[in-house]
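Below is one structure, written out as C-alpha cells, with a few remarks after it.
One is the number of the first residue; the rest follow in order along the sequence.
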Amino acid sequence: MNRSLPLTRVLLCALLLVAAPLVQAADAAVDAITQAVARPDVLRGQFTQEKQVSGFKNPLRSQGQFVVARKHGVIWSTLKPFPSEVVVTADRILSRQRDGSTRVELDARQQPAMRSVNAIMFALMSGDVQALSSQFNVEATREGQGWRLKLTPKSAMLAKAFQSLTLQGDRYVRQVEIIEANQDRTRIQFTALSEAPAALNADEARRFE
C-alpha cells in the first residue's frame with residue numbers, strides 16, 4: 001500500500017493481530033461519547049488528507065469521498081491529486097487505479113485475521129469506542145459540544161507501526177490524526193457527512209462486489 005492511504009495502512013497492521021473480544025470501557029466520558037455518536041447503516045462524506053512525511057518539507061495532500069456501509073464495508077475514493085479507490089470488505093481489500101485496473105491487496109482466504117478489518121475500519125470512521133477499546137487504550141475528553149479520543153496501541157506489534165490515533169467529533173467523527181512510529185503524521189478531515197439515502201445505490205452496491 002502507498003503513503004496516500006494511511007487508514008488502510010493502519011488497518012493492515014491490525015491484521016497482524018487476532019481480533020480481541022470487545023471491552024466495555026467504564027469511563028463516564030467514554031460512555032457519554034458512545035451515546036452521542038450516530039450509528040447509521042450508511043454514511044457518506046468527503047475527506048481532505050494531509051500527510052507530513054519525516055524528512056520532507058511539504059506535506060502530501062489529497063482529497064476525495066467515502067462511503068461507510070455497516071453491512072458491507074468502506075469505499076475510499078481519492079479524487080485528487082490522482083484518482084484511485086480502495087474498497088474494504090470483510091473478505092478483501094481491493095484497489096482500483098485511474099486506468100481502471102483492479103488489484104486484490106489482501107484476501108481473507110490467505111489472511112484469516114483480515115475478517116476483523118471491516119469492523120475496525122467502521123469503528124475508526126464512526127467513533128465506535130467500544131470496538132476501538134479492544135485494540136487501543138482510550139483517553140476520552142469532552143470539548144464543549146464535541147469530544148476527543150486519543151488511542152494508543154495495546155499491542156507491541158501495533159506500537160511498532162504507529163504511536164497514536166486521535167479522533168475528534170460530535171455526532172460524527174470529524175477529524176482523525178495518525179502519528180506513526182517513524183513520526184510521519186497524517187490528518188484527515190471529514191466533511192459533508194450524510195446518512196441519506198439510508199441504503200446503498202446501485203453503483204455503490206456494484207463497487208462492493
Side-chain angles (χ1 to χ4, degrees), residues 1-16 40 42-111 113-126 161-162 165-167 172-194 197 200-209:
M1 305 300 291
N2 59 49
R3 284 184 178 271
S4 66
L5 300 169
L7 279 180
T8 304
R9 292 183 67 230
V10 169
L11 293 171
L12 294 181
C13 295
L15 296 180
L16 300 175
V42 178
L43 180 67
R44 300 171 182 83
Q46 300 174 6
F47 70 85
T48 57
Q49 176 180 297
E50 184 173 288
K51 177 160 187 172
Q52 185 63 58
V53 179
S54 301
F56 289 81
K57 181 179 179 180
N58 297 320
L60 304 173
R61 295 185 175 91
S62 63
Q63 58 185 5
Q65 56 195 26
F66 66 88
V67 179
V68 181
R70 185 179 294 273
K71 296 180 181 179
H72 298 272
V74 178
I75 302 172
W76 185 262
S77 303
T78 300
L79 302 177
K80 297 180 181 180
F82 305 110
S84 65
E85 184 171 273
V86 170
V87 179
V88 180
T89 72
D91 297 320
R92 64 182 182 175
I93 295 178
L94 177 69
S95 66
R96 297 189 178 98
Q97 303 306 312
R98 56 180 173 176
D99 62 2
S101 63
T102 62
R103 181 175 66 187
V104 176
E105 302 289 351
L106 280 176
D107 192 303
R109 292 171 298 182
Q110 301 170 351
Q111 294 279 355
M114 190 197 150
R115 295 189 181 279
S116 65
V117 169
N118 185 315
I120 298 174
M121 185 82 162
F122 193 93
L124 282 172
M125 299 186 71
S126 64
F162 59 92
L165 289 82
T166 302
L167 287 69
Y172 306 107
V173 177
R174 301 288 182 176
Q175 178 177 295
V176 175
E177 183 178 55
I178 303 169
I179 302 177
E180 299 180 40
N182 62 4
Q183 297 303 308
D184 287 357
R185 185 183 298 261
T186 299
R187 181 176 287 114
I188 306 172
Q189 299 276 356
F190 300 112
T191 57
L193 301 176
S194 175
L200 295 174
N201 61 39
D203 177 64
E204 291 166 342
R206 177 188 58 78
R207 287 150 73 189
F208 275 116
E209 294 177 353

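Interatomic distance, Arg96 CZ to Ile75 CD1, rounded to the nearest 0.5 Å: 7.5 Å. Atom CD in Gln49 sits 9.0 Å away from atom CG in Leu60 (nearest 0.5 Å). To the nearest 0.5 angstrom, Arg44 atom CZ is 6.0 Å from Leu200 atom CG. Between the CD atom of Gln63 and the OG1 atom of Thr48 there is a distance of 7.0 Å, given to the nearest 0.5 Å.
Between His72 and Glu204 there is no side-chain heavy-atom pair separated by less than 4.5 Å. When side chains are defined from C-beta on, Phe47 counts as touching Ser62, because their heavy atoms get closer than 4.5 Å.
Across Lys51 and Glu180, no two heavy atoms sit closer than the pair NZ-OE2, 2.7 Å. Of all heavy-atom pairs spanning Val176 and Val173, the tightest one is CG2-CG1, 3.8 Å. Contact record, Ser54 with Asn182: OG-O, 3.0 Å, taken as the closest heavy-atom pair. Between Phe190 and Gln175, the shortest heavy-atom contact is CD1-N, 4.3 Å. Smallest separation of non-hydrogen atoms from Leu79 and Gln65: CD1-OE1, 4.1 Å. The shortest heavy-atom contact between Leu193 and Gly45 is CD2-CA, 3.9 Å.
Under the salt bridge (Lys or Arg N to Asp or Glu O under 4.0 Å) criterion, Arg187 pairs with Glu177, sequence neighbours left out. Under the side chain to side chain contact (heavy atoms under 4.5 Å, CB included) criterion, Thr191 pairs with Gln46, sequence neighbours left out. Residues satisfying the side chain to side chain contact (heavy atoms under 4.5 Å, CB included) criterion with Gln52, sequence neighbours excluded, are Pro59.
Aromatic ring orientation, Phe66 versus Trp76: parallel (interplanar angle below 30°, classes split at 30° and 60°).
At a cut-off of 3.5 Å, with distance as the only test, a side-chain donor of Glu85 or Ser77 sits close to an acceptor on the other residue.
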